[in-house]
Amino acid sequence: QVQLVESGGGLVQAGGSLRLSCAASGRTFSNYAMGWFRQALGKEREFVAAITRNGYSTYYADSVKGRFTISRDNAKNTVYLQMNSPKPEDTAVYYCAARAFVVRTDLEYDYWGQGTQVTVSQ
């Protein structure tokens, strides 16, 4: 089992910045590809960003490319999502997720956090 705990959500103004963190425990963190997903009210959960086990490759949804950055620190068992220039349409509950070995950009992840709310105001 892998336990994931997100933090860093809150209220941010459009054009500002926010950094989400996701702390992992329970298994060898470097064995897991990590992803960030989000779910807005009344909408389906969607992919935001993903990173390979060693952090060398990253993947982004078109809607956040150039604004958000995913990174990880395997020594700290933590993955981050740096959100720059957020827009009101980025408002959602953000979830991190872990998947053994191979990164994916769909919802096929093994473990999920409880989510953290991000609200972007005009």
Side-chain angles (χ1 to χ4, degrees):
Q1 289 282 350
V2 175
Q3 291 78 43
L4 303 170
V5 179
E6 301 97 336
S7 61
L11 177 65
V12 61
Q13 283 193 330
S17 64
L18 195 67
R19 189 176 80 158
L20 306 183
S21 300
C22 173
S25 61
R27 292 283 178 91
T28 302
F29 183 65
S30 59
N31 284 344
Y32 290 84
M34 299 298 296
W36 284 97
F37 298 80
R38 67 186 182 188
Q39 188 166 16
L41 195 61
K43 296 187 177 181
E44 295 186 350
R45 191 170 300 189
E46 64 177 5
F47 167 76
V48 174
I51 189 166
T52 53
R53 290 182 291 153
N54 55 18
Y56 289 171
S57 296
T58 56
Y59 306 84
Y60 297 94
D62 288 343
S63 59
V64 306
K65 201 172 294 183
R67 299 187 297 120
F68 292 7
T69 302
I70 187 172
S71 62
R72 68 188 294 160
D73 185 337
N74 284 349
K76 295 183 178 180
N77 292 352
T78 302
V79 62
Y80 305 97
L81 184 69
Q82 179 67 42
M83 304 172 61
N84 293 334
S85 301
K87 304 175 182 179
E89 51 263 43
D90 294 320
T91 294
V93 177
Y94 282 72
Y95 300 88
C96 71
R99 189 176 192 282
F101 301 114
V102 180
V103 69
R104 291 180 67 116
T105 58
D106 56 18
L107 298 180
E108 294 296 321
Y109 276 66
D110 303 312
Y111 303 101
W112 293 82
Q114 83 289 350
T116 186
Q117 176 71 46
V118 172
T119 303
V120 184
S121 64
Q122 292 279 10

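Everything numeric here is computed off the predicted structure, so don't read it as measured data.
- A donor-acceptor pair under 3.5 Å is formed between the side chain of Thr91 and the backbone N or O of Val120.
- Side-chain contact between Tyr80 and Leu20: absent, with no pair of heavy atoms (C-beta onward) separated by less than 4.5 Å.
- In this structure, the separation between CZ on Arg67 and CD on Gln82 is 12.0 Å, given to the nearest 0.5 Å.
- Taking 4.0 Å as the cut-off between side-chain N and carboxylate O, Lys87 and Asp90 do not count as a salt-bridged pair.
- For the atom pair CZ (Arg19) and OG1 (Thr69), the distance works out to 11.5 Å, reported to the nearest 0.5 Å.
- Closest non-hydrogen pair, Ala97 versus Leu4, comes out as CA-CD1, 3.7 Å.
- Hydrophobic clustering keeps Met34 apart from Val5 (ILVMFWY residues linked when any side-chain heavy atoms are closer than 4.5 Å, directly or through intermediates).
- Aromatic pair Phe37/Tyr109: centroids less than 6.0 angstrom apart.
- Remark: the backbone N or O of Val102 is paired with a side-chain donor or acceptor of Arg99 at under 3.5 angstrom.
- Rounding to the nearest 0.5 Å places CD1 of Ile51 at 10.0 Å from OH of Tyr59.
- The backbone N or O of Ser57 lies less than 3.5 Å from a partner atom in the side chain of Thr52, making a donor-acceptor pair.
- Under the salt bridge (Lys or Arg N to Asp or Glu O under 4.0 Å) criterion, the residue pairs touching residues 45-54 are Arg38-Glu46, with sequence neighbours excluded.
- In terms of hydrophobic clustering, with Ile, Leu, Val, Met, Phe, Trp and Tyr side chains grouped at heavy-atom distances under 4.5 Å, Val2 and Tyr94 are assigned to a common cluster.
- Taken to the nearest 0.5 Å, the SG atom of Cys22 stands 10.5 Å off from the CG atom of Asn77.
- Tyr60 approaches Ile70 most closely through the heavy-atom pair OH-N, 2.9 Å.
- Nearest heavy atoms, Ser17 versus Pro86: N-CD, 4.3 Å.
- Relative orientation of the Trp112 and Tyr95 rings is perpendicular, given thresholds of 30° and 60° on the angle between their planes.
- Of all non-hydrogen atoms in Ser21 and Thr78, the two that sit nearest each other are CB-CG2, 4.3 Å.
- Within a 6.0 Å sphere centred on NZ of Lys65, other residues, nucleotides and ligands contribute more than 12 heavy atoms.
- Across all their heavy atoms, Leu11 and Ser121 have their closest contact at CD1-CB, 4.1 Å.
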Given side-chain contact (heavy atoms from CB on, under 4.5 Å), test Phe68 with Asn84 step by step and report yes or no. CA-CA 6 Å; Phe68 292 7; Asn84 293 334; 5.9 Å; no
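- Taking the ring centre of Phe29 as origin, the terminal cationic atom of Arg72 falls inside the region bounded by 6.0 Å and 45° from the ring axis.
- Within the 4.5 Å cutoff, the side chain of Glu6 has heavy atoms near those of the Trp36 side chain.
- Across every non-hydrogen atom of Ser30 and Asn74, the tightest pair is CB-ND2, 3.6 Å.
- Within a 6.0 Å sphere centred on CD of Glu44, other residues, nucleotides and ligands contribute 12 heavy atoms or fewer.
- Residue Val93 is not grouped with residue Val79 when hydrophobic side chains (ILVMFWY) are merged at heavy-atom distances under 4.5 angstrom, including chains of intermediate members.
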